Amino acid sequence: RLGLDAKFISVPSPFDFAENAVLYVPKVHKPTHADWPDDVVDVIEGLIRSANGRTLALFTSNRMLRATVDECRTRMPEFRILAQGDAPNPVLQAQFLDDEYSSLFATASFWTGVSSPGSTCSVVVIDKIPFPVPTDPIIEARSELAGDAAFMEVSVPAAGMQLAQGVGRLIRTATDRGVVAVCDPRLAEARYRNRILDLLPPMRRARNKDFVERFIGGLDLDSQSD
């Protein structure tokens, strides 16, 4: 993309994503629908209850983060829900790691460079496909060069790479297992879905809530804690 004549090597992952992880795209409204924020809360509530906490929820905007965490705290007062902005990020990360039954809700700074190995992070929820802001100077310049193909050649690959970073928060060691839920049906239905899915680890894919709950139940998380 920079016009360099470079050599590179691609090394396969040592992790068994097909066996240890599920990519879950729930059957919810699209993010443009008025009921979508409520759908996200419903999905997160179900997953937190299934995993008894142990959830990292990543959001593409601070507004969505605050609205969701407020509603989840109201619905689930028995669970400890940490939220970015309530304390410095290193403190929140330490609290999340120290309390296996806690959940952490965060935005951009937790999408990359954060590692939560072990069962404390058994579920990762991403609110929607993180398409770049069209007015970003770099995106805008690349889009001008791409012309009519800008969405497919610039926005979709950028969203896929960012999504892959968020998905990567789940499996940090060879023994980690869990579920990534992306609350955006476009990842399973849109014509460009394969361009994004090809950038993600080769996880099993599911849209069925019961299957995902059974998979989480099969992890025997609480027995591992004992």
Side-chain angles (χ1 to χ4, degrees), residues 13-28 39-59 65 68-69 71-84 86-87 89-106 110-127 163-183 200-226:
S13 171
F15 304 144
D16 188 352
F17 288 100
E19 179 65 25
N20 293 337
V22 169
L23 175 62
Y24 172 41
V25 182
K27 297 177 182 179
V28 296
D39 292 342
V40 174
V41 173
D42 290 341
V43 171
I44 293 176
E45 179 183 6
L47 291 169
I48 287 178
R49 293 190 182 280
S50 294
N52 200 9
R54 302 182 175 95
T55 297
L56 173 64
L58 299 172
F59 297 87
L65 162 66
T68 307
V69 75
E71 181 63 23
C72 284
R73 283 171 171 167
T74 299
R75 292 191 189 186
M76 299 179 286
E78 70 273 27
F79 285 97
R80 184 186 188 192
I81 298 177
L82 309 167
Q84 188 173 346
D86 292 347
N89 288 0
V91 173
L92 292 171
Q93 176 67 8
Q95 291 174 340
F96 182 51
L97 287 171
D98 291 342
D99 183 357
E100 181 177 351
Y101 301 100
S102 67
S103 295
L104 173 59
F105 290 34
F110 279 86
W111 283 66
T112 61
V114 175
S115 186
S116 306
S119 58
T120 189
C121 183
S122 295
V123 175
V124 172
V125 182
I126 296 172
D127 64 343
L163 184 63
Q165 292 282 359
V167 169
R169 299 313 95 201
L170 180 70
I171 303 296
R172 308 302 297 173
T173 73
T175 58
D176 285 350
R177 302 177 68 197
V179 170
V180 175
V182 181
C183 302
L200 304 183
M203 300 175 284
R204 279 181 283 176
R205 300 172 188 172
R207 304 206 69 188
N208 184 279
K209 178 182 177 182
D210 292 337
F211 170 82
V212 172
E213 290 178 348
R214 288 195 302 271
F215 179 83
I216 294 174
L219 300 178
D220 293 325
L221 295 170
D222 290 318
S223 64
Q224 291 178 29
S225 300
D226 297 339

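No experiment lies behind these values; they were computed from the predicted model shown.
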Could you tell me whether a side-chain N or O of [X] sits under 3.5 Å from a main-chain N or O of [Y], the two making a donor and an acceptor?
X      : Y      : result
Arg54  : Ser50  : no
Arg204 : Val22  : no
Thr120 : Phe96  : yes
Asn20  : Phe17  : no
Asp176 : Arg172 : yes
Thr74  : Cys72  : no

On a heavy-atom basis, which atom in [X] and which in [Y] lie closest, and how many Å separate them?
X      : Y      : answer
Val125 : Cys183 : CG1-SG, 3.9 Å
Leu170 : Gly178 : CD2-C, 3.6 Å
Ala83  : Leu92  : O-CD1, 3.5 Å
Leu56  : Cys121 : CB-SG, 3.9 Å
Ser102 : Leu82  : OG-CD1, 4.2 Å
Arg177 : Gly218 : NH1-O, 4.3 Å

Practice problem: Starting from the C-alpha separation in whole Å, work towards a yes-or-no answer on salt bridge (Lys or Arg N to Asp or Glu O under 4.0 Å) for Arg75 and Asp42. | Solution: CA-CA 10 Å; Arg75 292 191 189 186; Asp42 290 341; 2.7 Å; yes

Do [X] and [Y] have side chains that approach each other closer than 4.5 Å (heavy atoms only, starting at C-beta)?
X      : Y      : result
Glu100 : Ser119 : yes
Lys27  : Lys209 : no
Asn52  : Leu221 : no
Phe105 : Ile44  : yes
Asp127 : Leu58  : no
Ile126 : Val124 : yes
Ile216 : Val179 : yes
Met203 : Val180 : yes

Self-check item: Pair Gln93, Ser116: side-chain N/O donor-acceptor within cut-off below 3.5 Å
Solution: yes

Quiz item: Hey, are Arg49 and Glu213 close enough for a salt bridge, meaning a charged N less than 4.0 Å from a carboxylate O?
Solution: no

Quiz item: Would you call Arg73 and Asp86 a salt bridge, taking side-chain N to carboxylate O under 4.0 Å as the test?
Solution: yes

Self-check item: Pair Tyr101 + Phe79: ring centers closer than 6.0 Å
Solution: no

Quiz item: Between atom CG of Asp99 and atom CG of Leu104, what is the distance when rounded to the nearest 0.5 Å?
Solution: 11.5 Å

Practice problem: Decide yes or no on side chain to side chain contact (heavy atoms under 4.5 Å, CB included) for Gln84 and Phe110, but give the supporting numbers first. | Solution: CA-CA 9 Å; Gln84 188 173 346; Phe110 279 86; 3.5 Å; yes

Quiz prompt | Pair Phe59-Thr68, side chain to side chain contact (heavy atoms under 4.5 Å, CB included): steps then yes or no | solution = CA-CA 9 Å; Phe59 297 87; Thr68 307; 3.6 Å; yes

